[in-house]
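Notes follow the structure.
Owing to the predicted nature of the structure, the values given are computational and were not obtained by experimental measurement. Sequence lines set the chain letters: A, B, ... in the order given, protein chains first and strands last, and positions in each chain run from 1.
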Amino acid sequence: MKRILSALALILLSASLAAAAPLDSFNGQKGTLDIAGGTAHIPVMKKAAQAIMTANHDIRITVAGGGSGVGVQKVGEGLVQIGNTGRALKQGEIDRYGLVSFPFAIDGVAIVVNPANGVQAMSKAQLKDVFAGKVKNWKELGGKDAPISLYVREDGSGTRETFEERALDKGTSAGGANVVNSNGAMKTAVAQDENAIGYVGIGHLDNSICGVTVDGMVPSQENAANGSYTITRLLYMNTKGEPSGLTRLFVDYIYSPDGKEFISSSGYIPVDKK
Amino acid sequence: MSGGGSARRWEAGRLALRLALFLSMTGIALLVLMVVAFALPVFSAGESGGPFSWVWAPAQGKFGILPMIAGSLILGTSALALGWPLAAALCCWLIAPPPSGRFSRLSRALVGELVRLMTAVPTVVYGFTAVFLLSPFIRSWLGGTGMSGLTAAVMLGVLILPTVVLVLQAGLGARLESVALSGAALGMDRMEVLWHVVLPRARDTLLASAILGFGRAVGDTMLPLMLAGNAPQLPASPLAALRTLTAHMALVTSNEAGSAAYDSLFMAGLILLTVNAVVSLCLRRLGGRS
């Protein structure tokens, strides 16, 4: 009997321990939280919002896009509580609105080709020519005589934004390139097509595709985290002044193990709170 | 007593019917109203980068959806051109010859069942299969990247095949049965009756099947999204990539919320809705005549 009771107690204890997850801080909270801005942030924000709203029905969280500019403007004017940006705030923005930034993830993009492709390293200049449609044959890059199949992501994709900003130095891709709508679809396309070149979030690299070394930088999670691979950017949450209440809890939740899980599953690398 | 009960039930049934009618009509009306209301500001904006231009570059403030409208029409038409003749021939083979011979009867029954089964295949399955089988084939034999208007058109042709076959079978089969005996008395076999008597009078059925097939091809999202390459351009050849309205909406909604690009989607939605409404009105007219 005693043994059964202690077993029961143990079960109860472990259950309560399991429940003492990061979500507990939202207990008893109510109200609404509006989030807008960078599109790359949306999957992370949405997963977090869903988890919170499922655990606590008195909290309503809305997540909208619009881009980094919209994020700054909306949070600065008090229209939303959290404005997301895919870039560091400019000094002018900080001064005008009194914004506080919370970098929470590294978004790295790897340029990828089919594993059968002989060209596995190129310079940034070559990369720009390829994506501008100026270089059309792998022969010109020292590969075999075959046309280059360009694959890009859809407009508004965070991966595309990072790629164009950091790898093409704010250039754009050729209009005739094939457009796919997810990292998974990009992987399938590049794995299927020997002449393909495309790009994926660095967390999605695997054996079916081959990461291209750009200017000597090897794409990998570690290199992105330690800064030796530079086709990356930080993703920020911004608040007007130091956050409080629900906003504070949400920001902390993004830095919690749950939040890190959402960040990794969205293809980004979590960053610890400073 | 029982008469009163049945009258009450009748009343209740009528009420439920009216309620259902009212709900569905309101739903449809609201849907159309919302789409039109959201599309109107975009429509009246009328700047150079508005929806009725040829360049889609949201970063530069250009939201032209004309390439996507062209893409939808091109793909719908070419899918019909590939799928309809095949379906019509298949239908003739299914209904025309007399049911003689065990093997021919068996194969006919088998193909008939297969066509019925095809209506239940989700388009994503077709899409996935084509990514691994058809597009490498097109890439290595015809060139291009394998993600092209042609690839999508072939698969859309397959997609609309069962729809067209079933519509034709329903329309032509019954007519053939009604005149087959008279035809036989004149010494014509079933194929001759079909060719000389039934088909010349069946313009409406043929047209209805084509319109329905076209509507299905234009409305499909998954196949063009997975296979057509999605470049927002007017395709220079069947091997070039193109983007349809449906794929365009799927692509933009995955990232955008409440921006100008997002608003322009309502225009795309309105155009799709209009195309489908016209298709269904055409069918209604045809149905009324025959």
Side-chain angles (χ1 to χ4, degrees), chain A residues 34-43 45-46 62-67 69-70 74 79-80 114 133 146-161 164-165 170-182 184-185 187-198, chain B residues 54-60 62-63 67-68 127-128 130-140 143-148 151 221-222 224-237 239-243 247-262 264-265:
Chain A
D34 297 314
I35 302 170
T39 46
H41 308 57
I42 291 179
M45 298 293 131
K46 274 196 175 155
T62 69
V63 179
V70 171
K74 281 198 167 172
L79 299 171
V80 298
N114 189 282
I148 297 175
S149 313
L150 277 184
Y151 290 86
V152 300
R153 289 290 303 278
E154 75 282 12
D155 301 291
S157 145
T159 310
R160 176 175 178 153
E161 253 174 54
E164 292 188 342
E165 203 179 292
K170 301 194 175 163
T172 52
S173 321
N178 285 335
V179 182
V180 295
N181 68 337
S182 68
K187 259 159 64 171
T188 313
V190 174
Q192 279 298 304
D193 185 349
E194 274 196 20
N195 305 321
I197 185 167
Chain B
W54 287 99
V55 182
W56 173 263
Q60 281 111 60
K62 290 176 180 157
F63 303 106
M68 285 58 123
F128 203 65
V131 165
F132 287 97
L133 297 175
L134 183 62
S135 63
F137 178 79
I138 286 184
R139 180 165 55 237
S140 52
T145 64
M147 303 288 178
S148 61
T151 320
T221 310
M222 216 55 211
L225 184 64
M226 292 176 83
L227 301 173
N230 299 318
Q233 60 175 0
L234 205 59
S237 82
L239 295 174
L242 60 79
R243 187 186 286 193
H248 179 62
M249 292 175 80
L251 283 170
V252 177
T253 40
S254 58
N255 288 304
E256 297 284 340
S259 62
Y262 190 78
S264 81
L265 290 188

How about B:Leu251 and B:Arg243: do any of their side-chain heavy atoms sit closer than 4.5 Å?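 SC-SC contact between B:Leu251 and B:Arg243 confirmed.
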Is there side-chain contact between B:Asn230 and A:Val180, with at least one heavy-atom pair below 4.5 Å?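 No; the side chains remain at least 4.5 Å from each other.
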So for A:Ser182, is it side chain, backbone, both, or neither that comes closer than 4.5 Å to the heavy atoms of chain B?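 For A:Ser182, no heavy atom lies under 4.5 Å from chain B.
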Which bit of A:Ala185 comes within less than 4.5 Å of chain B, counting heavy atoms only: side chain, backbone, both or neither?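 Neither the backbone nor the side chain of A:Ala185 comes within 4.5 Å of chain B.
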Look at the side chain of B:Arg139 and the backbone N and O of A:Gln192, then say whether any donor-acceptor pair between them is shorter than 3.5 Å.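 Yes, B:Arg139 side chain to A:Gln192 backbone: donor-acceptor pair under 3.5 Å.
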If only atom types and distance count, is the side chain of A:Glu154 paired as donor or acceptor with the main-chain N or O of A:Val179 below 3.5 Å?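 Checking the backbone N and O of A:Val179 against the side chain of A:Glu154, no donor-acceptor pair under 3.5 Å is found.
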Using a cut-off of under 4.5 Å for heavy-atom pairs, which of A:Ala196, A:Ala191, A:Ala177 has the most such pairs with chain B?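 Result: the option with the highest number of such pairs is A:Ala177.
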Closest-packed option against chain A by number of heavy-atom pairs under 4.5 Å, given B:Leu242, B:Leu225, B:Thr145: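 Going by pairs under 4.5 Å, I would pick B:Thr145.
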